[in-house]
Peer 1: 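Have a look at this one.
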Amino acid sequence: MSNSIKVKPEEMATVVRQMLESYSKAKTAETKELIQETAETCKSEIKKASPKRTGKYRKGWTVTQEWEDSDSLRMRVRNKSAWQLTHLLENGHAKRNGGRVRAYPHIKPAEGNAVKRMIEGVKKIYSK
């Protein structure tokens, strides 16, 4: 069986526009779902790799939705409890009396994995 639709020539533009809008909405919904899943996965990777002294920093990781409209979604992975420490722990810092504190890279690797996951996921979504 074929999936053909009989359309009058004067209705062709309307039908094509409707089909493209339907396709666009479906792909946008799949992409938004991918973004949410990727943000959650990124958060859990950062949480696992975060340094633990008291546990407050590690427990503070969360995902928040920054922006959403019909075409886009922006999620942010952030640390609610000790956001001031992220840069210091990720990159290390100078000590007061000289020397340096060791860096604990935990955000950059998770970010790299999230970018790879998004690229692969978008390729899969739009190759269907």
Peer 1: For residues 88-109, pull every pair meeting salt bridge (charged side-chain N to carboxylate O under 4.0 Å, His left out), keeping only residues two or more places apart or in separate chains.
Peer 2: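 The answer is K108-E111.
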
Peer 1: Let me have the donor-acceptor pairs involving side chains of residues 45-54, under 3.5 Å, with sequence neighbours excluded, atom names and distances please.
Peer 2:
{"from": "E45", "atom 1": "OE1", "to": "N113", "atom 2": "ND2", "distance (Å)": "3.2"}
{"from": "E45", "atom 1": "OE2", "to": "R117", "atom 2": "NH2", "distance (Å)": "2.8"}
{"from": "S50", "atom 1": "OG", "to": "I46", "atom 2": "O", "distance (Å)": "2.6"}
{"from": "S50", "atom 1": "OG", "to": "W61", "atom 2": "NE1", "distance (Å)": "3.0"}
{"from": "T54", "atom 1": "OG1", "to": "K56", "atom 2": "N", "distance (Å)": "3.4"}

Peer 1: Partners of D69 by side-chain hydrogen bond (donor to acceptor under 3.5 Å, both in side chains), sequence neighbours excluded?
Peer 2: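 Only S72 meet the side-chain hydrogen bond (donor to acceptor under 3.5 Å, both in side chains) criterion with D69.
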
Peer 1: R74: which residues meet the side-chain hydrogen bond (donor to acceptor under 3.5 Å, both in side chains) condition with it, sequence neighbours left out?
Peer 2: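 Partners of R74 under the side-chain hydrogen bond (donor to acceptor under 3.5 Å, both in side chains) test: none.
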
Peer 1: Does Y126 share a hydrophobic cluster with L20, counting links as ILVMFWY side-chain heavy atoms below 4.5 Å and allowing steps through other members?
Peer 2: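 Shared cluster, no.
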
Peer 1: Please check if the side chain of S22 supplies one atom and the backbone of Q18 the other of a donor-acceptor pair under 3.5 Å.
Peer 2: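 Checked: no pair found.
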
Peer 1: Does some side-chain heavy atom of K32 sit less than 4.5 Å from a side-chain heavy atom of E68?
Peer 2: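 The answer is yes, as the side chains (C-beta and beyond) meet within the 4.5 Å cut-off.
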
Peer 1: Any side-chain heavy atom of E30 within less than 4.5 Å of one from L34?
Peer 2: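 They are not in side-chain contact.
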
Peer 1: Short question: side chain of S127, backbone of K123 - any donor-acceptor pair under 3.5 Å?
Peer 2: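 Flag set: sc S127 to bb K123 pair under 3.5 Å.
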
Peer 1: Please determine whether the number of non-hydrogen atoms from other residues, nucleotides or ligands lying under 6.0 Å from atom NZ of K59 exceeds 12.
Peer 2: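 It does not: K59 NZ has 12 such atoms or fewer within range.
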
Peer 1: What's in the same ILVMFWY side-chain cluster as I119, cut-off under 4.5 Å, chained through other members?
Peer 2: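 Listed partners: V115.
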
Peer 1: Under 3.5 Å, which donor-acceptor pairs do the side chains of residues 82-89 form with other protein atoms, sequence neighbours left out?
Peer 2:
{"from": "T86", "atom 1": "OG1", "to": "W83", "atom 2": "O", "distance (Å)": "3.1"}
{"from": "H87", "atom 1": "ND1", "to": "N91", "atom 2": "ND2", "distance (Å)": "2.9"}

Peer 1: Quick check for you: to the nearest 0.5 Å, what is the distance between Y104 atom OH and Y57 atom OH?
Peer 2: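 It comes to 12.0 Å.
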
Peer 1: If we ignore angles and hydrogens, is there a donor and acceptor under 3.5 Å between the side chains of E66 and T64?
Peer 2: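 Looking only at side-chain atoms, T64 and E66 do form a donor-acceptor pair, the distance falling under 3.5 Å.
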
Peer 1: How long is the straight-line distance from CG of D71 back to NZ of K25, given to the nearest 0.5 Å?
Peer 2: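 Answer rounded to 0.5 Å: 10.0 Å.
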
Peer 1: Grouping I, L, V, M, F, W and Y whenever their side-chain heavy atoms are under 4.5 Å apart, do W67 and V77 come out in a common cluster?
Peer 2: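 No; V77 is not reachable from W67 via cluster members.
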
